[in-house]
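Take a look at the structure set out below.
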2 protein chains.
Amino acid sequence: MPKLGMEPLRRRALIDATVAAIGEHGSLDVTMSQIAGRAGVSSALAHHYFGAKDDLLRATMRSLLADLGRELRARLAGATTPRARLSAIVAVNFSAQQFGEEVVAAWLAFYVEAQRSPEMRRLLNVYARRLHSNLTAALAGLMPRSEAIHVAEGIAAMIDGLYIRRALKNGAPDPVSAIALVEDYVALQIASKEHR
Amino acid sequence: MPKLGMEPLRRRALIDATVAAIGEHGSLDVTMSQIAGRAGVSSALAHHYFGAKDDLLRATMRSLLADLGRELRARLAGATTPRARLSAIVAVNFSAQQFGEEVVAAWLAFYVEAQRSPEMRRLLNVYARRLHSNLTAALAGLMPRSEAIHVAEGIAAMIDGLYIRRALKNGAPDPVSAIALVEDYVALQIASKEHR
DNA sequence: TTCTTTATTGATTGACGCGTCAATAAAAAA
DNA sequence: TTTTTTATTGACGCGTCAATCAATAAAGAA
């Protein structure tokens, strides 16, 4: 009983199922059948809409990046001062959406995949550059640009590191203390550059 | 023409080949044949000495951890002050051995695998705890213990984050600037706690 | 020399997973 | 009503890969 206009619904369901499957499994080693089953369809349908498995994985990664960008834009809209913009950028990376177990596991898996797939590496670089430029722009209002670039790298590295620790869920840092750790670093850097 | 006493040689060659294969491939998705071929033997021999593939991977991870521990102990031996011990711990993580492309890629791949394998997660936790306790011990000579614990987490996260960026080799941080970034963080934290 | 242990591999098996295809069914167009 | 388009799946082929096994060969022990 095929109702028409299923395509967008199926695409979304399959992408969500992909994130969930990767998140639960902890790697990209998930079968098309597992993903499709989770979305309530057959594996053949997943191929019908996405072609090869790689295409589905790429689409899933783009979806994650789009979500992140959307949330970032929303939070930045209400932040006027450089200091507030900094906190907004930090906060978005540890929001319930982005710092959720499944999403974090998926990110980590995609990072690994990016070593093989140039397309995925390109996508990740776009994100990394955007994060870095956002951080630098905000920091530049509080310190010399050359130092801002430096500090931005430190912040980005710390965020990535906290993602790893989250994925390994041992001494899993909760979002609150993770934010506190990064904010502490930010505050220290600003203060040290301030009283010259 | 089997010479005797091959076992230790083969084991080492196979483990080295595993690191190399993982490093080049960027994931644990390497076949036993690829690994064995790189070590100059047949895949059957790899199974003969290690059993299942998982066993070889676990042995490889233990080898990486052992190397790291050995180098850490060596560097700590010559460091007397808390400040020197801190720098030694940081430096080890970015040494030519540990921060080499292959080794970094292998670490990242094992991190992902640890989400599935409890045994690997256990091994990684041992390392994480040892790193954390070493850092905390050194920091405790320079600030209150409660703060030392906090700062140790920040350092560890930053190191992990720099590993990821190294693996993605885009804005790949060279060892020197990576060390500078972490040392800067350490110095700032110490200074801020110092002049109370 | 004969036997046993160690080293080594080619061939094989069995499982598994991607991607394809033909077939079915219903909605919409002709 | 016939035809076309959209939705959907079960079955299958093909390739890959981990793991096993029987066979070969040399070194040392008996």
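This structure is a prediction, so every number in the text was calculated from the model and none was measured. Letters A, B, ... mirror the listed sequences (proteins, then strands); counts begin at 1.
At whole-Å resolution of the value, CG in Leu14(A) and P in dT9(D) are 10 Å apart. Rounding to whole angstrom units, CD of residue Gln34(A) and P of dC18(C) are separated by 8 Å. In this entry the distance linking NE2 of His47(B) with P of dT12(C) reads 18 Å, nearest Å. What separates NE2 of His48(A) from P of dT6(D) is a distance of 9 Å, to the nearest Å. Atom CZ in Arg11(A) sits roughly 11 Å away from atom P in dA7(D) (whole-Å rounding). Rounded to whole angstrom, the span from the NE2 atom of His25(B) across to the P atom of dC17(D) amounts to 9 Å. Going from atom CG of Asp55(B) over to atom P of dA18(D) covers 13 Å, rounded to whole Å. Atom P of nucleotide dA18(D) and atom CG of Leu56(B) are separated by 11 Å, given to the nearest angstrom.
Nearest to the side-chain atoms of Thr31(B) among the listed nucleotides dT8(C), dC17(D), dA27(D) stands dC17(D). Considering only side-chain atoms of Tyr49(A), the nucleotide from dA7(D), dT8(C), dG19(C) that sits closest is dA7(D). The side chain of Leu4(B) approaches dA27(D) more closely than any other nucleotide in the set dT9(C), dA27(D), dT20(C). In this structure, the nucleotide among dA19(D), dC18(C), dT9(D) sitting nearest to the side chain of Ala52(B) is dA19(D). Counting only heavy atoms from C-beta on, Ser42(A) has its side chain closest to dG10(D) among dG10(D), dA7(D), dA18(D).
A salt bridge does not link Glu7(A) with Arg10(A): none of the charged nitrogens is closer than 4.0 Å to a carboxylate oxygen. The pair Arg58(B)-Glu113(B) does not meet the salt-bridge criterion, since no charged nitrogen lies less than 4.0 angstrom from a carboxylate oxygen.
Contact of the Leu28(A) side chain with the Asp29(B) side chain is not registered, since no non-hydrogen atoms from C-beta on lie closer than 4.5 Å. A 4.5 Å side-chain heavy-atom check between Ile89(B) and Ile155(B) finds every atom pair outside the cut-off. Using a 4.5 Å heavy-atom cutoff, the side chains of Arg12(B) and Asp16(B) are in contact.
Using a 4.0 Å cut-off, no side-chain N or O of Arg10(B) falls inside it from OP1 or OP2 of dT6(C).
Using a 4.0 Å heavy-atom criterion, one finds that Gly5(B) contacts the sugar-phosphate atoms exclusively.
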